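Only one structure is covered here, and it is reproduced in the block below.
Atoms considered below: every heavy atom in the structure, side chains included; atoms not considered: hydrogens, waters and symmetry mates. This is a predicted model, so every value here is computed, not measured.
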Amino acid sequence: MTHSRHDGTPPGAGVWMDWAQRAMQQWASAMQSVWPGGAPAAAASSAGAMSNWGQMAGVTDVFRQISGQPVQLDPKAWVEIQQDYLRELGELWRQGLQVQPPKEDRRFASDAWTRNPVAAYSAALYLLNARTLMRMAEAVQADAKTRARLRFAVQQWIDASAPSNFLALNAEAQQKAIETQGESIARGVQNLLHDLRQGFVSMTDHSAFEVGRNVATTEGQVVFENALFQLIEYKPLTPKVYERPFLVVPPCINKYYILDLQPDNSFLRYAVEQGHRTFVMSWRNPDATLAQATWDEYIEEAVIRAIDVVREIGRAETINALGFCVGGTMLGTALAVLAARGEHKVESATFLTTLLDFTDTGVLDVFIDEAFVRYRELQFANGGLLPGRELATTFSFLRPNDLVWNYVVGNYLKGETPPPFDLLYWNSDSTNLPGKWYAWYLRHLYLQNELCQPGKLTVCGERLDLGAIDIPAYVYGSREDHIVPIGGAYASTQHLGGPVRFVMGASGHIAGVINPAAKGKRSFWTGPDGHFPAQVDDWIAAATEHRGSWWTDWAPWLASHAGRLKPAPRSFGNRRYRPIEPAPGRYVKVSAEAALATLATGESSV
């Protein structure tokens, strides 16, 4: 969803890409009326720019087209922006070819930019115009959502139009072409053709990894499967295990092995090492057989079914469960269904970067409104699949400089091959979503935020109330998370009915969660027991920082709810649920493209 992708369900996808393309075209037209030559790339002269500053109407017209409603710029702010821009532009013009691009912007940090006066000037001018454009967006007089949409559109255009993205303007790429006698350009063309064939920009060397060989290698067996998921049980690594088994519910928008990349950063292996009899759900990559699947089916036939199977295999009345991102939302929904039925099957719940209250959804809120949700409902009224590549592209453009343009420049302009990186290999291993599941999720959770409203939402025939989930809960949020903002993760503390422990970790959606205890990196924060003010900022103000990984705080908490220790089992499953195949199983190895191709044949991908 950091490296992040999507680990939360993006509400944008195809419609977003169309919208973004139109927005960029509109911006290009508008900038012709503000700066000569369409200025973030270049300006002819300060005098020329001054003569065009009065044309505020061109900018407000573009704002109107992007937002879909009339908008106005704050007149006072507009005057200040003009004055500051002309002053800075004049200073830049006086420096001329002596200007130096700022080293703190890594796009222009190479000495090649400094040694090329024209390139240095173009970079400095671009950064000035980028700052000015963003100030214009900030000066719009509109509601918060409209302003957020405008800021997002402006930032996309700013990032796409950087001189570093074009060979004719990128001094570093030009220098490399000279040093390699054109070989870097030839390799760049080869890389471009390769990525065009595979359908996405390469972020890593995909040939270096294979699921089950050097990622997702923790030893275990698939002990149950149905149309929606496989259940993996891991081999104990301790002579004794806790009597209550531990079930992990990963997000169905991703493949589970983000939690099992390598032995030294595997969260699943860590849980096994702590003495927990650990199980994980490995979601099927939706194909033609799941084109009609619904949210209710995923709750009843997947999450609740997994809880029951783990209880039976472990011979335990209750188990401990963990949900990550959308997996946490689904676990919370399942627990509310069980609570409504008066069934106590889970002893404690851990929610990692999870939204149960969708009031604060961060940048994803930019896309969600009634028109968009209605469009998706009509699109999937008769079923179908949302392609995984659409989801991956949407999430990449939430951080375009890191996850798009960085690789465009490296792969194509410089002719570089991305180095092997397990996290980015996983990031590119996308999954589809059932269309009906996705449309329901958009409507009832992202748009109408019904899960946190007692009695408002009906799932699996039960009216839900998060307050009825009266078991201990460990709620974790990442401070810099752009998929599940820290305020969104914290909001769960206001709705769950049992005792809650909230912990905030450093970094983002993925890097914050996958923070191995043994490496002692980053920090986490805890607050006073039982202190949960309405706003997360008030909780943070009273929180205490601890060096290292939040895993070291979570492990003793989970152990306190795991029961007594007993000899570890010597076999997988039981007489009813016998081993089917070694971990990681078949389901996780099916690509989104292969699953999507079954729509033409109607056959199963597994």
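The heavy-atom pair separating Pro400 from Phe397 by the smallest distance is CD-O, 3.3 Å. Residues Leu413 and Ala173 share a closest heavy-atom pair of O-CB, 3.7 Å. Taking each heavy atom of Ile486 and Ser478 in turn, the nearest pair found is CB-O, 3.8 Å. When all heavy atoms of Arg522 and Ile514 are compared, the closest pair comes out as NH1-O, 4.2 Å. Taking each heavy atom of Pro163 and Trp113 in turn, the nearest pair found is C-CH2, 4.3 Å. What you find for Thr354 and Thr329 is that their closest heavy atoms are CG2-N, 3.4 Å.
A salt bridge links Asp111 with Lys103: at least one charged nitrogen is closer than 4.0 Å to a carboxylate oxygen. Under the 4.0 Å criterion applied to side-chain N and carboxylate O atoms, Arg443 and Glu370 are assigned as salt-bridge partners. Using a 4.0 Å cut-off between a side-chain N of Lys or Arg and a carboxylate O of Asp or Glu, Glu416 and Lys176 qualify as a salt bridge. A salt bridge links Arg135 with Asp84: the closest approach of a Lys/Arg side-chain nitrogen to an acidic carboxylate oxygen falls below 4.0 angstrom. For Asp260 and Lys255, the salt-bridge test fails: no basic side-chain N is under 4.0 Å from an acidic carboxylate O.
In this structure the side chain of His194 never reaches within 4.5 angstrom of the side chain of Asn411, judged on heavy atoms. With contacts defined as side-chain heavy-atom distances shorter than 4.5 Å, the pair Ser428/Phe200 qualifies. At a threshold of 4.5 Å between non-hydrogen side-chain atoms, the residues Asn449 and Asp357 count as touching. A 4.5 Å side-chain heavy-atom check between Gln98 and Gln100 finds every atom pair outside the cut-off. Residues Val409 and Asn165 meet the side-chain proximity criterion, which asks for heavy atoms closer than 4.5 Å. With a 4.5 Å cut-off on side-chain heavy atoms, Val140 and Gln72 do not count as touching. Counting only heavy atoms from C-beta outward, the side chains of Glu88 and Glu91 never approach each other to under 4.5 Å. By the 4.5 Å heavy-atom criterion applied to side chains, Tyr85 and Asn129 are counted as neighbours.
Between the CD atom in Gln448 and the CG atom in Leu442 there is a gap of 11.0 Å [rounded to 0.5 Å]. Within the model, atoms OG1 of Thr361 and CG of Leu447 stand 10.0 Å from one another, a figure rounded to the nearest 0.5 Å. Taking OG of Ser161 as the reference point, atom CG of Leu169 lies at 10.5 Å (rounded to 0.5 Å). Atoms CG and CH2, on Leu259 and Trp426 in that order, are 8.5 Å from each other to the nearest 0.5 Å. Summarising the geometry, atom CD belonging to Glu183 is positioned 11.0 Å from atom CD1 belonging to Ile185; distances are rounded to the nearest 0.5 Å.
Between the side chains of Asn170 and Gln174, no donor N or O sits under 3.5 Å from an acceptor N or O. There is a side-chain donor-acceptor pair under 3.5 Å between Asp143 and Thr146. There is a side-chain donor-acceptor pair under 3.5 Å between Arg115 and Gln175. If you check the side chains of Asp195 and Tyr412, you find a donor sitting under 3.5 Å from an acceptor. Under 3.5 Å, the side chains of Ser266 and Gln262 contain no donor-acceptor pair of N or O atoms. Looking only at atom types and distance, the side chain of Arg376 has a donor-acceptor partner in the side chain of Gln379 under 3.5 Å away. A donor-acceptor contact closer than 3.5 angstrom is absent between the side chains of Lys521 and Ser507.
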Requested in this report: Starting from the C-alpha separation in whole Å, work towards a yes-or-no answer on salt bridge (Lys or Arg N to Asp or Glu O under 4.0 Å) for Asp402 and Arg106.
Outcome: CA-CA 11 Å; Asp402 291 335; Arg106 65 181 184 180; 2.4 Å; yes

Requested in this report: Quick one: do Tyr121 and Asn116 satisfy side chain to side chain contact (heavy atoms under 4.5 Å, CB included)? Show the steps, please.
Outcome: CA-CA 9 Å; Tyr121 184 83; Asn116 186 326; over 6 Å; no

Requested in this report: Could you please spell out the steps behind the side chain to side chain contact (heavy atoms under 4.5 Å, CB included) verdict for Thr353 and Val513?
Outcome: CA-CA 8 Å; Thr353 60; Val513 171; 3.8 Å; yes

Report task. Quick one: do Thr526 and His546 satisfy side chain to side chain donor-acceptor pair (under 3.5 Å)? Show the steps, please. Result -> CA-CA 8 Å; Thr526 60; His546 311 270; 2.7 Å; yes

Report task. Could you walk me through whether Leu127 and Arg107 pass the side chain to side chain contact (heavy atoms under 4.5 Å, CB included) test, one step at a time? Result -> CA-CA 11 Å; Leu127 292 171; Arg107 293 173 295 180; 3.9 Å; yes

Report task. Could you walk me through whether Trp525 and Trp550 pass the side chain to side chain contact (heavy atoms under 4.5 Å, CB included) test, one step at a time? Result -> CA-CA 8 Å; Trp525 289 259; Trp550 64 271; over 6 Å; no

Query raised in the report: Between Lys76 and Asp74, is a salt bridge (Lys or Arg N to Asp or Glu O under 4.0 Å) present by the stated rule, with each step listed?
Result: CA-CA 6 Å; Lys76 182 179 179 182; Asp74 181 339; over 6 Å; no

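Crowding of Glu80 atom CD: a count of heavy atoms from other residues, nucleotides or ligands under 6.0 Å exceeding 12. The number of heavy-atom neighbours closer than 6.0 Å to CD of Gln181, taken from other residues, nucleotides and ligands shown, is 12 or below.
Using the six-membered ring where Trp is involved, Phe209 and Tyr425 have ring planes that are tilted, between 30° and 60° apart. Aromatic ring orientation, Tyr490 versus Phe502: perpendicular (interplanar angle above 60°, classes split at 30° and 60°). Taking the six-membered ring where the residue is Trp, Tyr446 and Tyr441 present perpendicular rings, their angle passing 60° and hence far from 30°.
Among Tyr476, Phe524, Tyr270, the one residue that satisfies the ring-ring contact (aromatic ring centres under 6.0 Å, His included) test with Trp551 is Tyr270.
Ring-centre distance between Trp554 and Phe267: below the 6.0 Å cut-off.
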